[in-house]
Each structure stands twice: as C-alpha cells, then as structure tokens.
Amino acid sequence: MPRKILVTNALPYANGDIHLGHLVGYIQGDIWVRFQRMRGNTVHYVCADDTHGTPIMLRAEKEGLTPEQLINRVHGEHLRDFTDFGVAFDNYHSTHSPENRDYAGDIYGKLSRGGLIDTRSIEQYYDPVKEMFLPDRFIKGECPKCGAADQYGDNCEACGAAYAPTELKNPYSAVSGAKPVLKTSEHYFFRLSDDRAVAFLREWTRGTNAAGSRRLQTEAANKMKEWLGEEGENKLSDWDISRDAPYFGFEIPGAPGKYFYVWLDAPIGYLASFRNLADKRGDIAVEDYTDAVRSEAAGTEMVHFIGKDILYFHALFWPAMLKFAGYRTPSQLCVNGFLTVDGAKMSKSRGTFITARSYVEQKLNPEWLRYYFAGKSNGTMEDVDLNLDDMIAKVNSDLVGKFVNIASRCAGFITKRFDGQLGETDVTACSEFAAAWAADSLSSAYEERDYSRALREIMRLADVANQFVNDHKPWELAKQEGQDARLHQVCSTALTMFRDLTRYLKPVLPSLASQVERFLGVPALQWQGDWAPLPAGHKVEAYSHLMTRIERKQIDALLEANRESLAPSTAQPQAKAVAASPQRHAEKQQHTVQAAETTSPHISIDDFTKIDLRIARIVDAQHVEGADKLIRLQLDIGECDEAGNPKPRQVFAGIKSAYDPVTLVGRLTVMVANLAPRKMKFGMSEGMVLAASDPDGTTAGLYILAPDDGATPGMRVK
RNA sequence: GGUGAUGUAGCUCAGACGGUUAGAGCGACGGAUUCAUAACCCGUAGGUCGGCAGUUCGAUUCUGCCCAUCACCA
C-alpha cells in the first residue's frame with residue numbers, strides 16, 4: 001500500500017536572499033521526497049514564502065515599494081534559487097494569500113470558541129513619530145549591564161546579557177530615532193499554559209505517530225522536555241499572537257486594528273500552499289491530509305522539514321494550534337542543524353556567507369553541493385560543516401573518479417565495437433548489486449534520512465564496479481583475437497552496475513541521473529520491483545562526459561564574490577546581518593541572526609597599546625644559509641647591555657624575495673618589540689618587522705615600512 | 001551562570017550493550033597499470049579514541065571532574 005505524504009520545508013522569510021545555510025534543509029527534504037517517489041509513494045511537496053511582519057513592512061518602505069510589490073519580487077527570486085538547486089516543490093505559494101487568510105481565520109475561530117484565546121493589556125514601547133509599536137529588535141539603547149551603546153532591545157552583543165527592552169538606558173527607535181514611550185494595548189493570547197494544551201504537548205512530543213515511529217528526533221524530544229518541564233510543572237506561558245496596526249498581515253476577525261502575529265500564520269502557510277496546489281490540480285482530497293478524523297481514516301502523513309532554530313514554533317505552538325482546531329497534527333518533524341563553513345559561522349567578511357544566487361552565477365554545479373550536503377546529513381540535529389577543501393576532494397574522487405568513471409571507461413567499447421548494443425550481463429559478477437537490491441539497508445538509510453550512510457554504501461559498490469573492470473581488463477580483451485564476446489560482456493556488466501549506482505544516487509543527483517537515463521536509453525529509474533540487468537541487445541547512446549571536477553580556484557572566486565569589505569558599521573541592521581541559521585523565519589530569525597554576528601572588526605585602544613612598536617635601525621642584514629625566505633636582521637632600538645654597549649635585536653624576516661640584504665643596512669623601519677621571542681631553525685628571533693603586501697596576491701611584492709625623517713631608533717610608534 | 005550536544009588517524013566521518021591486533025573514504029608514500037578528464041587497481045605508514053581521576057580482572061566504550069567548540073535557557 002503506497003504511502004500518501006504531505007511534505008513541507010520551512011518557509012523562508014521574504015526579507016532576504018536564500019543562502020547555503022538555508023539549502024541544507026531544503027536539499028535534505030527534496031532528497032527524501034525524491035526517494036519516496038522512487039519507491040512508488042504519493043508525495044505532495046509544498047513550500048511558500050513567509051511574508052508578513054514588521055521587518056517586511058519597513059523594508060518595503062525603505063525600498064519605496066508596497067509590501068506586496070516587495071514580496072512578489074522576492075517570491076520570484078526564492079523560487080528561482082530553489083529550482084536551480086533541484087529543490088522541486090509541487091507548489092511554491094505565499095502566506096499572503098486568500099487560502100492562508102481562510103485557514104488562519106478558521107483555526108483562530110476554533111481556538112477562540114474552544115476557550116483557548118485570551119485578551120489582556122500589555123505595555124510596550126511605542127514610536128511616537130512613526131506611530132507604531134516597536135518589536136524588540138527595533139529598539140536600541142545602552143546595555144543595562146555593561147553600558148555598551150547601540151544595543152538591541154533583547155540582548156547585548158558586547159556582554160551577552162539578556163534583558164527586556166524597557167531596561168535599556170537611553171532607548172531610541174531604530175526606525176525613526178525618536179525616544180520611544182510606553183503605551184498600553186490589548187493583545188490576544190493563545191493559552192498554551194492551559195492544562196489541555198500542556199497535557200497534549202507532553203504526550204505529542206514524546207509519543208509516536210500512526211506508523212509507530214517517533215515524531216521528533218531524540219535530541220529534539222529532549223529539548224522539548226526541557227521546555228515543557230517535568231510532570232506537574234508548567235513552564236509554558238501563553239503566546240502573544242496579535243500585533244497592532246500598522247502591521248503587514250491579516251487583520252484578526254472581529255478585532256479591528258489587531259493583526260495576527262507573523263508566526264501565527266507562517267506555518268499555516270503549509271496548508272495554504274497545499275490547498276492552492278489542490279485547487280490547481282483538482283485531484284487531491286485536501287481534508288484527507290488536513291482534517292483530524294479524515295486523515296486518520298485515510299492514513300496520510302504530514303512531514304515537516306525545519307531548522308533547529310524554529311523547533312520551538314513547530315513542536316509547541318503548531319501542533320497545539322492544529323490539535324485544538326480539529327486539524328491533524330504533524331506525523332514527523334525532521335530537524336536539521338545549522339551550517340558552518342570551514343568550521344566557523346558564515347561570515348560576510350570572509351566571503352563564506354554564500355548566497356544561492358552567487359553559487360549559480362559563478363557556474364558551480366548545484367549537484368556538487370547536493371552531494372556534499374547529503375554526505376554530511378545523518379538524520380540528526382547536528383550542525384553541518386561545509387569544509388570547502390573536503391567538498392572538492394569528496395566530489396572529485398567520489399563522483400568523477402569513481403562513479404562517472406565507470407561509464408566513461410566502458411561505454412567507448414560498446415559504441416566503437418558493438419554499435420552501441422549491449423551484450424549479456426555477467427549476473428554472477430553482479431551478486432553484490434543484486435544483494436544490495438534485495439537488502440533494505442540502502443532504502444532504510446534514505447528513509448531515516450541518514451544519507452551519509454547511504455552514500456558510504458553506494459561508494460563501496462562503486463569500488464566493487466571499478467574493481468570488476470580492473471580485474472577483467474577490457475582494454476586488453478579489445479586487443480586480443482576472439483575475445484569479442486568477453487569484452488562485450490564485461491562492458492555490458494559494468495554498465496548494469498553503473499545503472500544501479502545511478503538509481504541509488506538519483507534522489508541526491510536528479511539532474512545527473514536524468515542525463516544517465518538518456519545515455520542508457522532507459523525510462524526514469526525507479527526503486528521497486530525485481531532486480532534485472534540491462535538486457536542484451538539494448539541500445540545505448542554514445543557517452544559524453546557527465547560531470548567535471550571542482551577546482552579550488554572556482555571556490556576562491558565564489559568566496560571573493562561573496563566577500564564584503566569591513567566598512568564601518570553604518571549599514572542598516574538587516575543589511576549586515578550574518579545568519580548562522582538555515583531557516584530564517586519571521587522575526588524570530590532577526591534575533592538569531594543579529595546575535596550571531598560577534599566577529600566585530602574593532603579592537604579597543606587597550607588592545608592596540610599592548611603592541612609595542614618601535615623605530616629600529618637595521619645595523620646588519622645577512623642571507624641565511626638554507627632558508628628560502630628569511631633574512632637575518634640586527635635591529636637597533638636603542639637597547640644596551642649591562643656594560644652600556646649597544647645591543648641590537650636579532651630578527652628573522654621573511655622578506656628575501658623582495659630585498660637584497662645589502663640595500664637594507666642603515667635603513668630605519670618599524671618593529672614589534674614585545675613579540676614573544678621564538679626559536680627558529682636558524683636561531684632566536686626577537687621580534688618582527690612590519691611589511692605590506694596584497695592579501696589577494698593580485699599585486700605582487702613586499703614592502704617594509706619606513707618612518708619620515710627625524711625619527712630615531714627606539715621611538716615608540718602609536 | 002544553568003542545561004544539552006560534540007570532541008576517534010593530516011581531512012571528513014563510522015564504531016564500540018566494557019574484552020584478543022580501533023575502522024572506512026579521501027589525502028600522503030610505494031608499486032602496478034594506461035580503457036578512463038593522472039581517473040582506476042594493489043600495498044604501506046599515521047591514532048596513548050580531548051585531559052585527569054574513579055568503578056572493574058580489564059575502559060577509548062560506564063561514572064565524576066576539567067578543558068575546548070557549539071546550541072538552548074535565565
């Protein structure tokens with residue numbers, strides 16, 4: 001009985017570009033969907049832009065657009081990025097849609113009638129100039145703990161303290177610069193602290209779904225336990241779901257001037273997108289997937305792929321909203337971790353904040369990234385590190401060296417010697433492949449989203465195939481009289497193995513797989529039925545190579561294209577944000593993202609004065625025997641020994657490529673006098689001289705510094 | 001500060017309900033080969049399994065403490 005699954009990916013916020021961090025979760029989701037379909041299951045795969053909230057409203061205003069114009073533009077950009085990376089949603093909708101308005105109203109109405117909506121007055125900062133209430137992130141001021149200036153209303157980037165915006169000293173509005181005033185307003189709350197909700201969530205987060213598997217990964221379930229507290233303890237507080245006008249969103253039915261908080265209607269966008277798809281197609285019974293009773297009868301599933309930054313929303317608010325509005329709750333949450341690049345948070349100054357667009361524009365192959373991410377995905381919430389050198393090595397050796405190579409080394413014989421027709425396959429030689437087909441270890445690895453395990457096994461099979469070719473040496477058979485039949489069999493067998501490998505890699509590399517299907521002249525590869533070799537007499541196309549290698553210089557160009565110079569921080573907060581989180585989703589991400597940027601380009605004056613810079617006279621300079629780069633310098637900085645004789649410092653400087661020692665003697669330059677002495681192969685080095693060079697190496701050369709006339713040895717530089 | 005996760009060969013990662021010589025791929029090195037975008041094949045070297053202490057006949061695997069990294073919370 002095929003499964004019927006509604007799969008979603010987190011909705012990206014319509015306030016920024018898709019970057020490689022986002023793509024981790026989308027690629028994981030897409031691979032799972034493609035796998036399920038190859039197994040014959042029915043999957044509806046939907047997503048949408050998350051479009052509401054204050055940041056969108058203000059951003060549109062800044063760009064001189066209406067919010068609708070802004071989100072329309074971004075919708076196109078996002079969809080194009082996903083498409084280019086092979087993430088093939090059946091529908092990419094928007095939370096600013098009639099379907100979403102209907103669902104939001106319906107869910108809210110049912111919660112309200114169920115007694116789960118409360119109103120109460122709260123006091124908040126209000127911008128009197130802009131005439132709007134200010135979210136925490138739009139209030140700035142001095143940190144109440146350490147006094148650092150220009151800190152946001154929720155936490156301090158200088159000392160890490162967390163506080164309420166009302167605790168800030170000298171607060172001002174980041175929108176207008178005005179001093180905010182406290183103002184009272186009535187807000188609507190979802191009563192998450194209600195006993196029914198708490199009891200439900202306790203069961204839901206640790207229980208299993210209809211198929212008997214856990215709804216949350218173990219780590220995620222543990223995290224929920226932390227948030228929910230122990231039995232009898234109630235750590236949940238009610239959730240503020242309204243915002244006052246002006247606000248870009250949906251007005252709450254029966255509450256003029258009050259709008260749904262963006263996070264209320266964001267996940268509802270999953271249903272809206274699905275409804276929109278069903279209306280377009282006309283053959284999907286929506287309630288079979290969305291209604292509590294009917295979905296149970298129909299045995300459908302609803303699976304959400306999300307980043308761990310938005311677990312809170314998807315494991316608490318979302319199931320509770322659904323449950324108490326009579327909707328089905330999610331069957332499973334697949335939570336992925338953050339992306340780091342070369343072991344560190346993505347950074348604009350290092351160029352590792354890589355946008356999806358720039359990757360495509362720099363002509364890198366999206367399937368390289370899909371393969372690498374898949375190789376790093378093991379179905380847990382762990383962070384994924386994109387190690388660029390590792391990616392180059394892995395893709396080049398696995399995909400080009402091993403996988404593609406199998407076809408490349410055999411197809412030529414089939415074309416040249418046998419007119420493109422396959423011969424008999426040596427089925428015994430394929431025993432490992434037949435065994436892999438019969439076993440469920442590969443498919444269960446995909447099912448559990450442990451793609452790295454699947455790929456390890458697939459690459460082991462690729463090794464088997466290459467060994468087979470190597471052992472039977474078709475290039476020798478080709479030269480021998482009377483070995484045509486054997487040659488034919490060996491190459492045909494290798495191509496059957498190659499067909500199998502392609503099938504297993506297809507969820508990860510859909511585009512490469514379709515090239516192979518064309519080359520082999522086979523219908524779209526599926527993952528069901530009995531194993532059979534490619535039949536004798538079957539005709540294949542001439543081989544043309546399937547994938548190129550990655551070169552380091554392509555990666556360097558990509559980093560360069562994403563590098564932003566460290567200009568003084570006059571930019572708007574959004575513009576210089578560095579996101580560590582894969583799914584930036586509504587205002588919550590404004591938090592994560594801003595807090596993530598701790599790599600300040602500034603040092604304090606105290607840090608600077610730790611460096612003792614001195615004017616030095618080069619009293620001697622010598623080549624160093626056996627050193628490629630070093631020159632031995634004796635530097636006078638006015639120091640003397642006990643007897644009062646001048647005592648120059650010995651410093652080894654790596655400037656041999658640019659200077660002849662003879663020309664250095666007598667010159668003045670600048671040295672770091674308090675650098676810890678270091679024993680080098682050729683002796684002690686008691687400091688360093690400063691020299692300028694182009695970090696990119698575009699302009700060659702090395703230039704030591706020289707003071708203006710009048711400076712004398714020993715003078716302090718500061 | 002509290003909680004949790006992670007720390008295994010140069011790199012990326014498996015694994016171990018405690019038990020003889022701790023694994024893979026890549027990289028390095030040596031050999032073989034030349035069908036294949038120097039790809040493939042065979043072989044070698046590399047790890048006191050983050051540190052310290054404890055439990056045990058025996059710990060890298062369990063416990064405690066510490067260190068580092070990351071996340072969450074206040």
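Residue numbers begin at 1 in each chain, while the letters A, B, ... track the order of the sequences.
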In whole angstrom, give the distance that lies between atom OH of A:Y371 and atom P of B:rC26. 11 Å

Inter-nucleotide P distance (B:rU34, B:rC29), Å rounded: 22 Å

Using atom P in both nucleotides, what's the gap between B:rU12 and B:rG7 to the nearest angstrom? 13 Å

Roughly how far apart, to the nearest Å, are B:rG4 and B:rG46 at atom P? 39 Å

To the nearest Å, give me how far apart CZ (A:R409) and P (B:rA38) are. 12 Å

The complete set of salt bridge (Lys or Arg N to Asp or Glu O under 4.0 Å) pairs with one or both residues in residues 423-447 of chain A, sequence neighbours excluded, reads A:R3-A:E447, A:E432-A:R460

Base, sugar-phosphate alone, or nothing: which one does A:K479 contact when heavy atoms must sit under 4.0 Å apart? sugar-phosphate

Looking only at side-chain N and O atoms, does A:K376 come under 4.0 Å of OP1 or OP2 in B:rU12? no

Compute whether any side-chain donor of one residue and acceptor of the other, for A:T496 and A:T425, lie under 3.5 angstrom apart. yes

Can A:N466 and A:R409 be counted as having a side-chain donor-acceptor contact under 3.5 angstrom? yes

May I have the distance from A:R549 (atom CZ) to B:rC40 (atom C1'), rounded to whole angstrom? 11 Å

Parallel, tilted or perpendicular for A:W263 and A:F313, by the 30°/60° rule? parallel

When we call it a touch if two heavy atoms are under 4.0 Å apart, what does A:M224 touch: a base, just sugar-phosphate, or nothing? nothing

Take A:D383 and A:K402, find for each the nucleotide of RNA chain B with the closest heavy atom, and name the residue whose nucleotide sits nearer the 5' end. A:K402

Close side-chain approach of A:T352 to A:N562, heavy-atom, < 4.5 Å: no

Distance check, C1' atoms only: B:rA22 and B:rA14, in whole angstrom units. 11 Å

What's the OH-P distance between A:Y312 and B:rC73, to the nearest Å? 8 Å

Does one side chain, of A:D383 or A:T340, offer a donor that lies under 3.5 Å from an acceptor on the other? no

Atom pair distance, as rounded to whole Å: CE in A:M459 and P in B:rC41: 12 Å

Between B:rG1 and B:rA59, how many Å separate the two C1' atoms, rounded to a whole number? 33 Å

Across the strands shown, which category fits A:G412 at heavy-atom distances under 4.0 angstrom: base, sugar-phosphate, nothing? nothing

Listing request: all side-chain hydrogen bond (donor to acceptor under 3.5 Å, both in side chains) pairs with a residue in residues 507-518 of chain A, at least two apart in sequence or in separate chains. A:K506-A:E517

Nucleotide-resolved protein contact map, nucleotides 5-11 of chain B, B/S/- at heavy-atom distance under 4.0 Å: ------S

Close residues, residues 481-516 of chain A, relative to RNA chain B [heavy-atom separation under 4.0 Å]: none

Distance alone, cut at 3.5 Å: any donor-acceptor contact between the side chains of A:Y125 and A:D136? no

Would A:R549 and A:W368 count as a cation-pi pair here, with the cationic atom under 6.0 angstrom from the ring centre and within 45° of the axis? no

Could you tell me whether the side chain of A:I406 reaches within less than 4.5 Å of the side chain of A:L501, counting heavy atoms only? yes

Do A:D398 and A:Y371 meet the criterion of a side-chain donor-acceptor pair at a distance under 3.5 Å? yes

Sticking with atom P, work out how far B:rG47 lies from B:rU63, rounded to a whole angstrom. 28 Å

Would you mind telling me which of B:rG25, B:rC40, B:rA71 lies closest to the side-chain atoms of A:F338? B:rA71

Give a yes or no on whether the ring-centroid distance for A:F317 and A:Y312 is below 6.0 angstrom. yes

When rounded to whole Å, the CD1 to P distance for the pair A:I550 and B:rG27 reads 14 Å

Given B:rA71, is OP1 or OP2 found less than 4.0 Å from the side-chain N or O atoms of A:K345? yes

Which part of the nucleic acid, if any, lies within contact of A:T548, taking any heavy atom under 4.0 Å across all strands shown: a base, the sugar-phosphate backbone alone, or nothing? base

Upstream residue (5' side of RNA chain B) when A:S452 and A:F413 are each assigned their closest nucleotide: A:S452

Who passes ring pair (Phe, Tyr, Trp, His ring centres under 6.0 Å) against A:W32, sequence neighbours left out? A:F305

Could you state the CG-C1' distance from A:D450 to B:rA14, rounded to the nearest angstrom? 10 Å

Rounded off to whole Å, could you give me the CE-to-P distance for the A:M391 and B:rC26 pair? 18 Å

Is it the case that the ring center of A:F85 lies less than 6.0 angstrom away from the ring center of A:Y26? no

Can you check the distance between B:rU3 and B:rG58, where both ends of the measurement are the C1' atom (answer in whole Å)? 34 Å

Quick one: salt bridge (Lys or Arg N to Asp or Glu O under 4.0 Å) partners of A:R191, sequence neighbours excluded? A:D118, A:D194

Ring pair (Phe, Tyr, Trp, His ring centres under 6.0 Å) involving A:F373 - partner list, sequence neighbours excluded: none

From C-beta outward on A:N405, which listed nucleotide comes closest to its side chain: B:rC70, B:rC40, B:rU12? B:rC40

State, with a plain yes or no, whether a side-chain heavy atom of A:R453 is found less than 4.5 Å away from one of A:S441. no

Applying salt bridge (Lys or Arg N to Asp or Glu O under 4.0 Å) as the test, list every pair that has at least one member in residues 473-489 of chain A; sequence neighbours left out. A:R417-A:D484

Could you identify which residues of residues 461-469 of chain A place a heavy atom less than 4.0 Å from some atom of RNA chain B, listed by residue number, or say none? A:D463, A:N466, A:Q467

For A:N378 and B:rA14, is the shortest distance between a side-chain N/O and OP1 or OP2 below 4.0 Å? yes

Give me the stems containing RNA chain B, sorted by first residue, counting only three or more consecutive Watson-Crick or G-U pairs with both distances under 3.5 Å; say none if there aren't any. B:1-7 with B:67-73, B:10-13 with B:23-26, B:28-31 with B:41-44, B:50-54 with B:62-66

How would you label the contact of A:R456 with the nucleic acid (heavy atoms, under 4.0 Å): base, sugar-phosphate, or nothing? sugar-phosphate

Can you sort out the partners of A:F519 under ring pair (Phe, Tyr, Trp, His ring centres under 6.0 Å), two or more places apart, ordered by chain and number? A:Y543

Quote, to the nearest angstrom, the P distance that separates B:rU44 from B:rG25. 12 Å

All N/O contacts under 3.5 Å from nucleotides 30-33 of chain B to the protein, with atom names and distances to one decimal?
none

Where the chi angle of B:rG23 falls, syn if within 90° of 0 and anti if not: anti

